[in-house]
Peer 1: 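Got a structure for you, written out below as structure tokens; questions coming shortly.
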Amino acid sequence: MNILPHTYTRLANEAIRAAQAAGDLPDFTPPELEIKPSKRAEQGDYNVAVMPLAKLAKRKPLEIAEAVAKHIMAVDSVGKVEVAPPGYINFFINEDWLRAQTEQIIAEGDDLFALALGDGQRAQVEFVSANPTGPLTVGRSRGAVVGDTMARLLEAAGYSVQREYYFNNAGAQMRVLGNSLRTRYLEALGQSVEIPDKADKSKPFYHGDYLKDLGQQLAAERGDALTGEDWQPFKAYGEQYIFEMIRSSLQRIDITHDNFFNENSLYESETVWKVLADLEARGYVYRAVAAEGDEQADAPDELPADQAVATAETNGKGEAVWFRSTQFGDDKDRVMVKSSGEPTYTLPDIAYHVDKLERGFDVLINVLGADHAAQWKVVQYGLRALDQDGDKLNVILMQLVKLLRDGKEVRMSTRMGEFETLDDLVEQTSADAVRYFLLARDHNSHLNFDLDLAVKQSNENPVYYIQYAHVRCAGIFREAALRGVTDEDADLSLLGEAELRFLRKAFELGEVIELSVRNFEPHRIAFYALELANVFHPIFDGVRVLHSEVPPEVARARLRFYRAAQIVFRRTLRLMGMSSPDHM
RNA sequence: GCCCCCAUAGCUCAGUGGAUAGAGUGUCGCCCUCCGGAGGCGAAGGCCCAGGUUCGAGUCCUGGUGGGGGCACCA
């Protein structure tokens, strides 16, 4: 399907050169102009300002616009071209052409506006990537929805997309999980156990109810067979169970990953050490007690005694291996290998992205929470240090989700067991509502998820307004079938102004997909869907099909139009991972 | 203290350097006997402050103010 502003942009730029060739404009090297959608009907459907050319051409903008407009070639999709002061060229869509596009929309069906931007390139979206320590939180859910929608849009734009989930099942977190589950298991067996206080940070423990449930399940299945075991079998059991939980939660909102990547495999393949050696060979690594140039890195004397002890224990005073990330613009160098000999998460993180690039992806997208803002930069510095194309790595950095209940913020912590899960949200609203609400926000904006509103509002929120448009289309076809009315051999020239308004909006879908993909802004589709519904409903009110005063040939044309409209809504909803109901 | 993000209608938020800044929701008023009531029409109501760049700034830059996040040999 044609992306109109592309066509118009090409026409405008060709016209400038044609005007120069004809002597209507002086010779100068013109910058590429870009046609943009108009805000008002009298300004055409798309327009461009030629003011930037005024200095180069040494002419008044209006004269330039007139000279350019004169040379714009006639093509099917352009109705007329007008010039407006102080220097705009306004393009009006050819309405006959637009009416005829109804057939094109129907022909494309579920592949409506499949673009060739990606040209078969391989893209990878990494998202969710939560370690298996508990159910998915609301914040992770936002990343899940944003990541999956981004993947759908990339597919629509012609990329071959892989959805990946990165996890670590070996760290201290997982040991805490194993120990926590062990405690719950013993508790379930009736043994007296000590549950650490939630506020006591020196005794890490996962307090969530899901581990109580799991402990009981384990006790029921295995009796007291595991009482002699340490944390490890519990960790293994918990990990497996929690991954199942996460997977099924994601499935409820129609999200499936193609690949689960275990951080540990980077050690098994020794990629981690190869990357470190490579960095060292390139001179970006040094061994030191503190970062170079950091004079007050160790001043334990100034710390209170108890903290000084803790620092000595956890930090040691030995040499660590540092990455000279400051050479790439970082605030400070980063530790890659602790003095204990154990890598920090930064080293495998860089190795992981080296691995991704080695797997041949052309575009990498990571969906991360804002708390990882500093971290991904280090990864990019690492890639650059290794002479890899760090620019292939793109990040959708989401601001955090604030959950509101009774107008108050709900503080959340997985470890405290205090959080709303993705499942909670789905149960309280619906999968469609969760997807829409978590998507319909710019990633740079904080997202306030008001639970009361989401629950209470479910009868009058945008989700239903959008889906209702699809329902209404389906309804007409049900009724038409009963009355024996069909849309075969429709004369589309009978479509009126109202239908054209919708077709114009429908044509913006291609631009929305393109902008979403180009700027990694999947939220655009959510706002577009609402705009589309806003255009649709008033039209539906007036443009009737099965009405006694509507002549049969008009009814036929309108029915054809609603078939196309239904396809646009289904496609749009599908791109958001939402259902397209026929009844409500 | 340093770094990043945000500030637009009562509330929640869109807005690609271009012409007269848009939705949803809330409030108020009105409409609909035939495929709709989870509907339609209308009204009131807004770019945090101060400079700057530009032919043109909600959008870019600088400095404030207010809010969120990050600044580990944790992940």
Peer 1: Would you kindly give the CG-to-C1' distance between A/Asp371 and B/A72, to the nearest whole Å?
Peer 2: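 Atom-to-atom, A/Asp371 to B/A72, this comes out as 15 Å.
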
Peer 1: Which nucleotide in the set B/C71, B/G70, B/C74 lies at the smallest distance from any side-chain heavy atom of A/Lys332?
Peer 2: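 Of B/C71, B/G70, B/C74, B/C71 is nearest to the side chain of A/Lys332.
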
Peer 1: Could you check which of B/G39, B/A19, B/A38 has an atom nearest any side-chain atom of A/Met584?
Peer 2: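 Within the option list, the nearest is B/A38.
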
Peer 1: Is there a Watson-Crick or G-U wobble partner for B/A75 with both distances under 3.5 Å, and which nucleotide is it?
Peer 2: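 Pairing partner, where one exists within any strand: none, as none qualifies.
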
Peer 1: Atom CD of A/Glu521 to atom P of B/C13: distance rounded to whole Å?
Peer 2: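 These atoms are roughly 17 Å apart.
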
Peer 1: When the C1' atoms of B/G40 and B/G36 are considered, how many whole Å apart are they?
Peer 2: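 That atom pair is separated by 10 Å.
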
Peer 1: Counting any heavy atom closer than 4.0 Å, what does A/Gln173 reach on the DNA or RNA strands: base, sugar-phosphate only, or nothing?
Peer 2: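 Sugar-phosphate: the residue A/Gln173, judged by heavy atoms under 4.0 Å, touches backbone atoms but no base.
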
Peer 1: Are A/Ser445 and B/A14 close enough that a side-chain N or O sits under 4.0 Å from OP1 or OP2?
Peer 2: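 Checking B/A14 against A/Ser445, a side-chain N or O does come within under 4.0 Å of OP1 or OP2.
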
Peer 1: Is A/Arg483 salt-bridged to A/Glu479, going by a charged N under 4.0 Å from an acidic O?
Peer 2: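 Judged by the 4.0 Å cut-off on N to carboxylate O distance, A/Arg483 and A/Glu479 do form a salt bridge.
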
Peer 1: Reckon A/His523 has a side-chain N or O less than 4.0 Å from the OP1 or OP2 of B/G15?
Peer 2: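 So the side chain of A/His523 is within the cut-off, an N or O lying under 4.0 Å from OP1 or OP2 of B/G15.
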
Peer 1: B/C47 and B/A9: how far apart are their P atoms, nearest whole angstrom?
Peer 2: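 Pairwise P distance, B/C47 against B/A9, rounds to 8 Å.
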
Peer 1: Mind checking if A/Val543 touches a base, just sugar-phosphate, or nothing, with heavy atoms under 4.0 Å?
Peer 2: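 Base contact - A/Val543 has a heavy atom under 4.0 Å of at least one base atom.
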
Peer 1: Using a 4.0 Å heavy-atom cut-off, does A/Pro37 contact any base of the nucleic acid, only the sugar-phosphate backbone, or nothing at all?
Peer 2: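 Since a base atom lies under 4.0 Å of A/Pro37, the category is base.
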
Peer 1: Which is true for A/Asn168 with a 4.0 Å heavy-atom rule: it touches a base, it touches only sugar-phosphate, or it touches nothing?
Peer 2: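 Sugar-phosphate contact only.
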
Peer 1: Suppose we define a pair by two distances each less than 3.5 Å, Watson-Crick or G-U wobble; what does B/A43 pair with here?
Peer 2: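 WC or wobble partner is B/U27.
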
Peer 1: Using only side-chain N and O atoms of A/Tyr465, determine if any of them is under 4.0 Å from OP1 or OP2 of B/G40.
Peer 2: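 Yes, within the criterion.
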
Peer 1: Who is the Watson-Crick or G-U wobble partner of B/U62, with both distances under 3.5 Å?
Peer 2: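 Across all strands, the one nucleotide that pairs with B/U62 is B/A50.
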
Peer 1: Check every strand shown and say whether A/Ala373 touches a base, only sugar-phosphate, or nothing at a heavy-atom separation below 4.0 Å.
Peer 2: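 Nothing, no heavy atom under 4.0 Å.
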
Peer 1: Would you classify A/Arg478 as touching base, sugar-phosphate or nothing, given that sugar-phosphate means primed atoms plus P, OP1 and OP2, and contacts are heavy atoms under 4.0 Å?
Peer 2: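 Nothing: the residue A/Arg478, judged by heavy atoms under 4.0 Å, touches no strand.
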
Peer 1: Taking only the P atom of each, what is the distance from B/C48 to B/G10 in whole angstrom?
Peer 2: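 Between the two P atoms, the distance is 12 Å.
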
Peer 1: Let me know the distance between OH of A/Tyr267 and P of B/A75, rounded to the nearest Å.
Peer 2: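 Spelled out: OH on A/Tyr267 to P on B/A75 is 9 Å.
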
Peer 1: Assign A/Lys39 to base, sugar-phosphate, or nothing according to its heavy-atom contacts below 4.0 angstrom with the strands shown.
Peer 2: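 Here A/Lys39 touches the backbone only, sparing every base.
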
Peer 1: Can you tell me how far P in B/G18 sits from the matching atom in B/C74, rounded to whole Å?
Peer 2: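 Per the computed distance, 48 Å lies between those P atoms.
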
Peer 1: Does A/Thr149 form a side-chain hydrogen bond (donor to acceptor under 3.5 Å, both in side chains) with A/Arg435? I'd like the steps, not just the answer.
Peer 2: CA-CA 9 Å; A/Thr149 308; A/Arg435 284 207 66 135; 3.2 Å; yes

Peer 1: Return the value, rounded to whole Å, for the distance between atom NE2 of A/His372 and atom P of B/C71.
Peer 2: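 Value for this atom pair: 10 Å.
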
Peer 1: Taking the side chain of A/Gln399 as heavy atoms from C-beta outward, which of B/C55, B/C5, B/G18 is closest to it?
Peer 2: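 Of the options given, the side chain of A/Gln399 lies nearest B/C5.
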
Peer 1: In Watson-Crick or G-U wobble terms, both distances under 3.5 Å, what is the partner of B/U20?
Peer 2: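 WC or wobble partner does not exist here.
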
Peer 1: Within the structure provided, determine whether A/Leu4 and A/Asp45 are in side-chain contact (heavy-atom separation under 4.5 Å).
Peer 2: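 The answer is no, as the side chains (C-beta and beyond) never meet within the 4.5 Å cut-off.
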
Peer 1: Could you tell me which nucleotide pairs with B/A38 by Watson-Crick or G-U wobble geometry, both distances under 3.5 Å, or answer none if nothing does?
Peer 2: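 Base-paired to nothing in any strand shown.
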
Peer 1: Nearest of B/U16, B/A14, B/C73 to any side-chain atom of A/Glu511?
Peer 2: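 Looking only at side-chain atoms, A/Glu511 lies closest to B/U16.
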
Peer 1: Under the ring pair (Phe, Tyr, Trp, His ring centres under 6.0 Å) test against A/Phe261, which residue among A/Tyr352, A/Phe167, A/Tyr165 passes?
Peer 2: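 Testing A/Phe261 for a ring pair (Phe, Tyr, Trp, His ring centres under 6.0 Å) against A/Tyr352, A/Phe167, A/Tyr165 leaves exactly one candidate, A/Tyr352.
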
Peer 1: I want to check one thing: is the phosphate of B/U16, taken as OP1 and OP2, less than 4.0 Å away from some side-chain N or O of A/Lys36?
Peer 2: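 Answer is no, no contact under 4.0 Å.
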
Peer 1: What's the gap between B/C5 and B/G15 when it is taken at their P atoms, as a whole Å value?
Peer 2: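 16 Å, rounded to whole Å.
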
Peer 1: Nearest of B/G39, B/G69, B/A19 to any side-chain atom of A/Asn90?
Peer 2: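 My answer, after comparing the listed nucleotides, is B/A19.
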
Peer 1: Report which part of the nucleic acid A/Tyr562 touches: base, sugar-phosphate, or nothing (heavy-atom distance under 4.0 Å, all strands).
Peer 2: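 It contacts nothing in the nucleic acid.
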
Peer 1: Measure from the side-chain heavy atoms of A/Phe527 and tell me the nearest of B/C13, B/A23, B/G69.
Peer 2: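 Nearest to the side-chain atoms of A/Phe527, counting from C-beta on, is B/C13.
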
Peer 1: Between B/C74, B/G68, B/C35, spot the one nearest the side chain of A/Leu546, thanks.
Peer 2: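 From the listed options, B/C35 comes nearest.
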
Peer 1: Need one value for A/Glu514: base, sugar-phosphate or nothing, where a base atom within 4.0 Å counts as base even if backbone is also close, heavy atoms only.
Peer 2: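 A/Glu514: no heavy atom of the nucleic acid under 4.0 Å.
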
Peer 1: Round to a whole Å and report the spacing from CZ of A/Arg544 to P of B/G40.
Peer 2: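 Interatomic distance, CZ of A/Arg544 to P of B/G40: 13 Å.
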
Peer 1: Base, sugar-phosphate, or nothing: which does A/Gly475 touch, judged by heavy atoms less than 4.0 Å apart?
Peer 2: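 Sugar-phosphate, backbone atoms only, no base.
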
Peer 1: Should A/Asn461 be listed as having a side-chain N or O under 4.0 Å from OP1 or OP2 of B/G24?
Peer 2: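 Indeed not, no polar side-chain atom of A/Asn461 lies that close.
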
Peer 1: Could you check whether any side-chain N or O of A/Thr344 sits under 3.5 Å from a backbone N or O of A/Thr346, counting only pairs where one atom can act as donor and the other as acceptor?
Peer 2: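 Present.
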
Peer 1: Using a strict cut-off of less than 4.0 Å between a Lys/Arg side-chain nitrogen and an Asp/Glu carboxylate oxygen, indicate whether A/Glu521 and A/Arg524 qualify as a salt bridge.
Peer 2: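 Salt bridge flag = yes for A/Arg524 with A/Glu521.
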
Peer 1: Looking only at side-chain atoms of A/Asn534, point me to the closest of B/G24, B/A38, B/G67.
Peer 2: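 Side chain of A/Asn534 sits closest to B/G24.
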
Peer 1: Using atom P of each nucleotide, how far apart are B/A43 and B/A21 to the nearest Å?
Peer 2: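 Result for the P pair: 15 Å, nearest Å.
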
Peer 1: Once you apply a heavy-atom cut-off of 4.0 Å, does A/Asp349 come out as touching a base, just sugar-phosphate, or nothing?
Peer 2: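 Nothing, no nucleic acid heavy atom in range.
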
Peer 1: Indicate, with a heavy-atom threshold strictly under 4.0 Å, whether A/Pro52 touches base, sugar-phosphate, or nothing.
Peer 2: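 Base: the residue A/Pro52, judged by heavy atoms under 4.0 Å, touches a nucleobase.
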
Peer 1: Under 4.0 angstrom, heavy atoms only, what part of the nucleic acid is A/His537 near: base, sugar-phosphate, or nothing?
Peer 2: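 Answer is sugar-phosphate: A/His537 comes under 4.0 Å of backbone atoms only.
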
Peer 1: Heavy atoms only, 4.0 Å cut-off, all strands: where does A/Leu400 land among base, sugar-phosphate and nothing?
Peer 2: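 Sugar-phosphate only.
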
Peer 1: Quote, to the nearest angstrom, the C1' distance that separates B/U16 from B/U59.
Peer 2: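 Pairwise C1' distance, B/U16 against B/U59, rounds to 9 Å.
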
Peer 1: Any donor-acceptor pair under 3.5 Å linking the side chain of A/Ser580 with the backbone of A/Gln467?
Peer 2: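 Judged by distance alone, no pair lies under 3.5 Å.
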
Peer 1: Within less than 4.0 Å of OP1 or OP2 of B/G68, is there a side-chain N or O belonging to A/Lys402?
Peer 2: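 Answer no for this pair, as no side-chain N or O of A/Lys402 is under 4.0 Å from OP1 or OP2.
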
Peer 1: Report the nucleotide, chosen from B/G40, B/C3, B/G24, that has the shortest atom-to-atom distance to any side-chain atom of A/Leu530.
Peer 2: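 So the side chain of A/Leu530 is nearest to B/G24.
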
Peer 1: So, are A/Glu508 and A/Arg504 salt-bridged, with charged N and O less than 4.0 Å apart?
Peer 2: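 Between A/Arg504 and A/Glu508 there is no salt bridge, as every charged N stays at least 4.0 Å from the carboxylate O atoms.
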
Peer 1: Going by the angle between their ring planes, with limits at 30° and 60°, are A/Phe328 and A/Tyr381 parallel, tilted or perpendicular?
Peer 2: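 The arrangement is parallel - the two ring planes meet at less than 30°.
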
Peer 1: What is the separation between atom CZ on A/Arg175 and atom C1' on B/C74, rounded to the nearest whole Å?
Peer 2: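 Spelled out: CZ on A/Arg175 to C1' on B/C74 is 12 Å.
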
Peer 1: Just the rounded figure in Å: distance from C1' of B/U16 to CZ of A/Arg524.
Peer 2: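 Distance check: A/Arg524 CZ to B/U16 C1' gives 7 Å.
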
Peer 1: Kindly confirm whether the side-chain ring of A/Phe540 is stacked on the base of B/G36, judged by centres under 5.5 Å and planes under 30°.
Peer 2: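 No, A/Phe540 does not stack on the base of B/G36, since the centre distance and plane angle fail the 5.5 Å and 30° test.
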
Peer 1: Decide, for B/G36, between syn and anti: a glycosidic angle within 90° of 0 counts as syn, anything else as anti.
Peer 2: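 B/G36: syn glycosidic orientation.
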
Peer 1: Please state the P separation for the pair B/G69 and B/G29 - nearest whole angstrom.
Peer 2: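 The same atom, P, in both gives a distance of 42 Å.
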
Peer 1: Kindly say whether A/Thr9 contributes a backbone atom to a donor-acceptor pair with the side chain of A/Asn13 at under 3.5 angstrom?
Peer 2: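 Looks like yes, one N/O pair under 3.5 Å.
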
Peer 1: How close or far is atom P of B/C13 from atom CD of A/Glu531, stated in whole angstroms?
Peer 2: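 Value for this atom pair: 18 Å.
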
